[in-house]
Amino acid sequence: MTVIGILGANGRMGRAIAAVAPELGAGLAGGVDQDGAVFGPHGDVAALAAASDVLVDFSAPSALAGHLDAALAAKVALVVGTTGLQSEHHHLIDDAAGRGLAVLQSANTSLGVNILAHLVRETAARLGSDWDIEIVEMHHRHKVDAPSGTALLLGTFAAQGRNATPEALNRFDRIGHGNDRPREEGTIGYASLRGGSVAGDHMVVFATDNERIELGHRAENRAIFARGAVKACLWMAGRPAGRYAMGDVLGL
Ligand SMILES: NC(=O)C1=CN([C@@H]2O[C@H](COP(=O)(O)OP(=O)(O)OC[C@H]3O[C@@H](n4cnc5c(N)ncnc54)[C@H](OP(=O)(O)O)[C@@H]3O)[C@@H](O)[C@H]2O)C=CC1
Ligand SMILES: O=C(O)C1=N[C@H](C(=O)O)C[C@H](O)C1
């Protein structure tokens, strides 16, 4: 049986993962957060890593470097679901993969969003730059990062469809830069709403003169992310070193 250690175990996602792991046939070594053990006998990340086949991290970007080091030292795979990652965090992940870690990073572990990402890439590839792309997301009032990691993931797939990088196309600054700027052709815009208990809604709008295509996904609860994360853990345990994505697990 694959045994999982949960990082960020006291959080909404950490608790959701602990709840679904048994029904998917995974064992639990325990869970820690920044204050130590949340459940199980292991009081820090190093001890938990040593007792696990794979670690799963849904915590905070500031914790990532320590979690990568602990996984490398214990020679166990790591699944990273934390969002709000900046380019320096992605470099740390690439570096750890180069130093022998099997690491999967995904801003959204649900099947539905990963299917949606492929539909977005395909749609963007078939439409010219006279089709404006806007990504709208809504999440619960406790979420700290914006735009969501999923919105950025969907924007990356849209940019790929246009043979471009998200860095070249993304625009985050429509508000606060004066009132004299029409939309720049070919760019990808983002809007973030926060309120209530929304688990995660995403909509990608392709708009041109007189018509629109809207491709979207609504998460009704966190169990969809938690099940995807546990499936990713089961798939990652014992994998060779390298950086993986949810599409590898799902065969997309
Ligand atoms: N990939 C995906 O499919 C999904 C990703 N997410 C992402 O997962 C992350 C967690 O979300 P959620 O569970 O809602 O957040 P919560 O705030 O509920 O939980 C975060 C957990 O991480 C712990 N934590 C915070 N900072 C640190 C640190 N520096 N070191 C160790 N542990 C730390 C917290 O401990 P404490 O309580 O002591 O502060 C808490 O246990 C977010 O980035 C979110 O966007 C969420 C859903 C799905
Ligand atoms: O914080 C959340 O809750 C979620 N975060 C992820 C994101 O930033 O995209 C995934 C999901 O939408 C829920």
Side-chain angles (χ1 to χ4, degrees), residues 5-20 30-40 42-46 48-49 55-71 78-86 89 93 103-117 135-157 190-204 216-233 236 244-247 249-250:
I6 303 178
L7 308 172
N10 204 29
R12 288 173 286 272
M13 277 304 297
R15 283 180 267 128
I17 290 167
V20 303
V32 301
D33 71 6
Q34 52 195 339
D35 301 320
V38 174
F39 70 94
H42 311 292
D44 60 39
V45 182
L48 181 62
L55 292 172
V56 62
D57 179 5
F58 283 75
S59 61
S62 57
L64 179 67
H67 293 167
L68 289 165
D69 286 345
L78 176 65
V79 171
V80 179
T82 306
T83 61
L85 303 182
Q86 306 299 313
H89 299 113
I93 292 172
V103 53
L104 182 150
Q105 181 270 325
S106 175
N108 198 305
T109 47
S110 74
L111 173 62
V113 158
N114 284 280
I115 297 281
L116 173 64
I135 302 178
V136 187
E137 50 102 347
M138 180 158 187
H139 285 83
H140 53 94
R141 61 168 71 95
H142 306 288
K143 186 164 178 61
V144 293
D145 54 313
S148 69
T150 305
L152 294 168
L153 170 80
L154 294 170
T156 299
F157 274 71
Y190 293 82
S192 296
L193 287 68
R194 296 285 175 269
S197 59
V198 179
D201 290 355
H202 292 89
M203 172 82 79
V204 182
H217 177 269
R218 291 183 196 276
E220 294 178 2
N221 56 49
R222 285 184 186 85
I224 62 165
F225 310 129
R227 283 201 192 91
V230 172
K231 284 180 187 163
C233 289
M236 283 294 285
Y244 299 89
M246 211 50 208
V249 179
L250 300 171

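Note that this is a predicted model, so its numbers are computed, not measured. Counting convention: from 1, in listed order, for ligands and their atoms alike. Just so you know, these numbers use all the heavy atoms, side chains as well, and skip hydrogens, waters and symmetry mates.
Neither the backbone nor the side chain of R222 comes within 4.0 Å of ligand 1, counting heavy atoms alone. If you look at S59 next to ligand 1, the close heavy atoms, those under 4.0 Å, come from the backbone and the side chain alike. At a 4.0 Å heavy-atom cut-off, ligand 1 touches F225 through the side chain alone. With a heavy-atom cut-off of 4.0 Å, L7 does not touch ligand 1 at all. Contact annotation for S110 and ligand 1: no heavy atom of the residue comes within less than 4.0 Å of the ligand. Contact annotation: for M13 versus ligand 2, there are no heavy atoms closer than 4.0 Å. At a heavy-atom distance under 4.0 Å, no atom of S148 approaches ligand 1.
Using a 4.0 Å cut-off to heavy atoms of G149, the atoms of ligand 2 that qualify are 7 (C), 8 (O), 9 (O). Below 4.0 Å from some heavy atom of T83 lie the following atoms of ligand 2, by number and element: 6 (C), 7 (C), 8 (O). Counting the atoms of ligand 2 from 1 in the order shown, those under 4.0 Å from a heavy atom of H140 are 1 (O), 2 (C), 3 (O). Near H202, meaning under 4.0 Å from one of its heavy atoms, ligand 2 places the atoms 12 (O).
In this structure, T82 contributes its side chain and S59 its backbone to a donor-acceptor pair below 3.5 Å. A side-chain donor-acceptor contact under 3.5 Å links R15 to the backbone of N10.
Side-chain contact, S148 with H139: no donor N or O sits under 3.5 Å from an acceptor N or O.
A219 and A199 get closest at one heavy-atom pair: O-CB, 3.5 Å. Summarising the geometry of L78 relative to A71, their closest heavy-atom pair is CB-CB, 4.1 Å, with the distance given to 0.1 Å.
Comparing A199, G200, S110 against atom 13 (C) of ligand 2, the shortest heavy-atom distance belongs to A199. For atom 6 (C) of ligand 2, the nearest non-hydrogen atom from the set A107, S106, S148 comes from A107. Around atom 11 (O) of ligand 1, the closest heavy atom drawn from Q105, M13, H139, H140 belongs to M13.
Backbone and side-chain nitrogen or oxygen atoms of G14 are examined, and none is located within less than 3.5 angstrom of a nitrogen or oxygen of ligand 1. Any N or O atom pair closer than 3.5 Å counts here, and T150 shares at least one such pair with ligand 2. For ligand 1, the polar-atom distance check finds no N/O of T82 at less than 3.5 Å from any of the ligand's N/O atoms. Below 3.5 Å of separation, one finds no N or O of H67 facing any N or O of ligand 1. On a distance-only criterion, A107 and ligand 1 share at least one N/O pair closer than 3.5 Å. For ligand 1, the polar-atom distance check against T109 finds a nitrogen or oxygen pair separated by under 3.5 Å.
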Inset, instruction - Check step by step if side chain to side chain contact (heavy atoms under 4.5 Å, CB included) holds for F157 and L116. - result: CA-CA 10 Å; F157 274 71; L116 173 64; over 6 Å; no

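Looking at heavy atoms from C-beta onward, L64 lies in side-chain contact with I93 at the 4.5 angstrom threshold. Looking only at side-chain heavy atoms (C-beta outward), H89 and Q105 stay at 4.5 Å or farther from each other.
Exactly one of V204, V113, D201 qualifies for a side chain to side chain contact (heavy atoms under 4.5 Å, CB included) with H217. That residue is V113. Partner of M246 under the side chain to side chain contact (heavy atoms under 4.5 Å, CB included) criterion, chosen from L111, V79, T109, N108: T109.
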